[in-house]
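The shown structure was predicted, so the numbers you read here are calculated from the model rather than taken from an experiment.
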Amino acid sequence: MESIHPTPSQSNESSANPLTPLSSSKVQFSGKGGEFFGIWIVNILLSVLTLGIYSAWAKVRTMRYFYGHTRIDGHSFDYLATPMQILKGRILAVIVFLIYTFAVSFLPLIGFLFAIAFIFLMPWIINQGLRFNMRMTRHRNVRFSFKGNYGEAFINFILLPIASVFTLYLLMPYVLKRIDTYIHSNISYGNKPLAVNLKGETYYLTALICFVVSSITMVIFMAILGLFGLDLLNVENQQAAQDPAKMGVMFGGLMIAYVVMIAIVTAVWKAAIRNHIFNNSQFEDVASFKSELKPIPYAILLLTNMLAIVFSLGLAYPWTQIRTSKMLAEATTVDIYPGALNLIDTTQEQQSSFAEEAANVFDIDLSLT
């Protein structure tokens with residue numbers, strides 16, 4: 001499981017930090033599949049036995065395990081949220097969700113108005129969730145913070161995605177670039193803001209590559225089926241439709257092709273965009289980062305993870321999270337500069353986790369690249 005704390009990367013050559021780094025090393029992740037499996041299985045069992053109440057403790061245990069086993073320059077991360085914070089926020093969020101569900105079921109008009117109101121509430125939830133996540137993350141006794149505002153969040157998360165629909169999603173790469181810029185440029189580490197310089201052409205080029213890769217994958221799949229005498233494009237092929245064996249082969253092949261395509265496209269996008277964000281962001285005079293995530297090894301990792309989870313009936317999930325975290329850590333190099341010794345922790349005391357848990361209940365992804 002990739003940690004939610006930001007680990008941006010080294011600026012490109014034109015904006016590289018001119019100072020000599022005090023240290024330069026790869027991110028280290030020391031988690032082990034067996035250890036996390038024990039935590040994970042206990043979390044599930046206790047969450048079921050307590051009807052979900054223990055899930056707050058489960059989340060904190062999981063976050064602290066991954067944070068504590070992630071080290072930069074010999075220093076691990078700390079997750080500061082407490083189970084009671086998470087539980088209170090989760091209870092409030094579930095209450096809101098139940099009210100919404102009731103309104104939709106019995107009072108459609110009120111449910112519709114609730115849905116409209118939620119659209120305008122979503123930017124606030126996203127901001128508060130990110131603010132809580134950052135506030136609960138600490139490294140070398142200095143916490144992160146997030147300072148996004150409602151207006152920019154509304155434009156980036158609501159207006160621009162809606163506008164992209166009317167451009168047949170041709171605007172979507174630009175929208176994703178705006179979202180990544182908004183999120184990362186509002187992150188601070190202590191009193192140092194994160195400087196970000198992302199380029200729209202990288203997003204469009206990556207989107208084009210993903211489109212080509214997905215198209216090639218489907219063409220290869222169609223060609224393979226053709227070798228077996230199956231033609232999905234021929235709607236008049238009644239013989240295949242009447243043959244259960246051939247229909248099974250077609251359905252199985254389609255599922256395999258879809259899974260492979262999703263894994264490859266996800267790996268290509270993730271590697272390119274992650275590397276771009278990390279390589280064009282830095283905490284000035286404090287830290288710069290470099291990401292070298294390779295798409296092919298990452299695609300293989302995603303595919304083997306999916307296969308392991310399916311054939312183990314989910315029991316391999318902890319192992320997949322550990323190996324994913326290790327690959328992401330090994331792909332990231334961190335340069336520490338003298339300014340890291342003079343950081344000031346400007347973050348105030350803990351705040352409510354309601355917004356973060358509301359985002360989880362309503363299925364809003366607040367994870368960072």
Exercise for review: Taking the side chain as every heavy atom from C-beta outward, state whether Val175 and Asn156 have any pair of such atoms under 4.5 Å apart.
Suggested key: no
Exercise for review: Tell me, with the steps shown, if Gln85 and Thr82 meet side-chain contact (heavy atoms from CB on, under 4.5 Å).
Suggested key: CA-CA 5 Å; Gln85 275 184 298; Thr82 64; 3.4 Å; yes
Review point. Is there side-chain contact between Val96 and Phe114, with heavy atoms separated by less than 4.5 Å?
Key: yes
Exercise for review: Would you indicate whether the side-chain heavy atoms of Ile322 and Phe37 approach each other to under 4.5 Å?
Suggested key: no
Revision key, fill the gap. In terms of heavy-atom contacts, Leu302 and Ala267 come closest through CD1-N, 4.1 Å
Review point. Would Phe36 and Tyr65 count as a close aromatic pair, with their ring centres under 6.0 Å?
Key: yes
Point to revise | CD1/Ile296: more than 12 non-hydrogen atoms of other groups inside 6.0 Å | key: no
Check your understanding: Between Lys326 and Gly31, what is the shortest heavy-atom contact and its length?
Key -> CE-O, 3.1 Å
Exercise for review: Give the minimum heavy-atom separation between Tyr189 and Val142, together with the two atoms involved.
Suggested key: CE1-O, 3.3 Å
Check your understanding: With Asn186, which residues qualify under side chain to side chain contact (heavy atoms under 4.5 Å, CB included), at least two apart?
Key -> Phe146, Glu152, Tyr182
Practice item. Evaluate the side-chain proximity of Trp269 to Arg274: yes if any heavy-atom separation is below 4.5 Å, no if none is. Key: no
Review point. Is there side-chain contact between Arg71 and Phe29, with at least one heavy-atom pair below 4.5 Å?
Key: no
Check your understanding: Within a radius of less than 6.0 Å around OH of Tyr169, do more than 12 heavy atoms belonging to other residues, nucleotides or ligands occur?
Key -> no
Review point. For Lys290 and Asp335, what are the C-alpha separation, side-chain angles and deciding distance, and is it a salt bridge (charged side-chain N to carboxylate O under 4.0 Å, His left out)?
Key: CA-CA 8 Å; Lys290 183 177 182 181; Asp335 290 342; over 6 Å; no
Exercise for review: Establish, yes or no, whether a centroid distance under 6.0 Å links the rings of Phe283 and Tyr337.
Suggested key: no
**Study point:** Side-chain donor-acceptor contact under 3.5 Å, His276 with Asn280
**Key:** yes
Exercise for review: Specify the closest pair of heavy atoms between Ser25 and Asp73, including all atoms of both residues, with the distance to one decimal.
Suggested key: OG-N, 4.0 Å
Point to revise | Heavy-atom side-chain contact between Trp40 and Leu315 under 4.5 Å | key: yes
Study note, to complete from the structure: d(Met63 CE, Met136 CE) to nearest 0.5 Å is 11.5 Å
Review point. Is it the case that one hydrophobic cluster holds both Val259 and Ile300, taking links as side-chain heavy atoms less than 4.5 Å apart, direct or via other members?
Key: no
Revision key, fill the gap. When every non-hydrogen atom of Ala316 is compared with those of Ile309, the smallest separation belongs to CB-N, 4.2 Å
Study note, to complete from the structure: When rounded to the nearest 0.5 Å, the distance separating CG of Leu194 from CD1 of Ile277 is 10.0 Å
Review point. With distance as the sole test, does Ser214 use its side chain to make a donor-acceptor pair with the main-chain N or O of Phe211 at under 3.5 Å?
Key: yes
Review point. Judged by modelled atom types alone, do Tyr317 and Asn305 share a side-chain donor-acceptor pair under 3.5 Å?
Key: no
Exercise for review: Show the numbers, then the answer: is there a side-chain contact (heavy atoms from CB on, under 4.5 Å) between Asp180 and Val196?
Suggested key: CA-CA 9 Å; Asp180 285 338; Val196 182; over 6 Å; no
Practice item. Measure across His75 and His139 and return the closest heavy-atom pair with its distance rounded to 0.1 Å. Key: O-NE2, 2.9 Å
Exercise for review: Any chance you could measure Tyr79, atom OH, to Thr70, atom OG1, to the nearest 0.5 Å?
Suggested key: 14.0 Å
**Study point:** Any side-chain heavy-atom pair of Ser188 and Phe144 under 4.5 Å
**Key:** no
Practice item. Rounded to the nearest 0.5 Å, what's the gap from CG on Leu92 to CZ on Phe97? Could you check? Key: 15.5 Å
Point to revise | Close aromatic pair by centroid cut-off 6.0 Å: Phe106 and Phe102 | key: yes
Point to revise | Over-ring placement of Arg323 relative to Trp319, 6.0 Å and 45° cut-offs | key: yes
Practice item. Would you kindly say whether Tyr67 and Thr137 are connected by a side-chain donor-acceptor distance under 3.5 Å? Key: yes
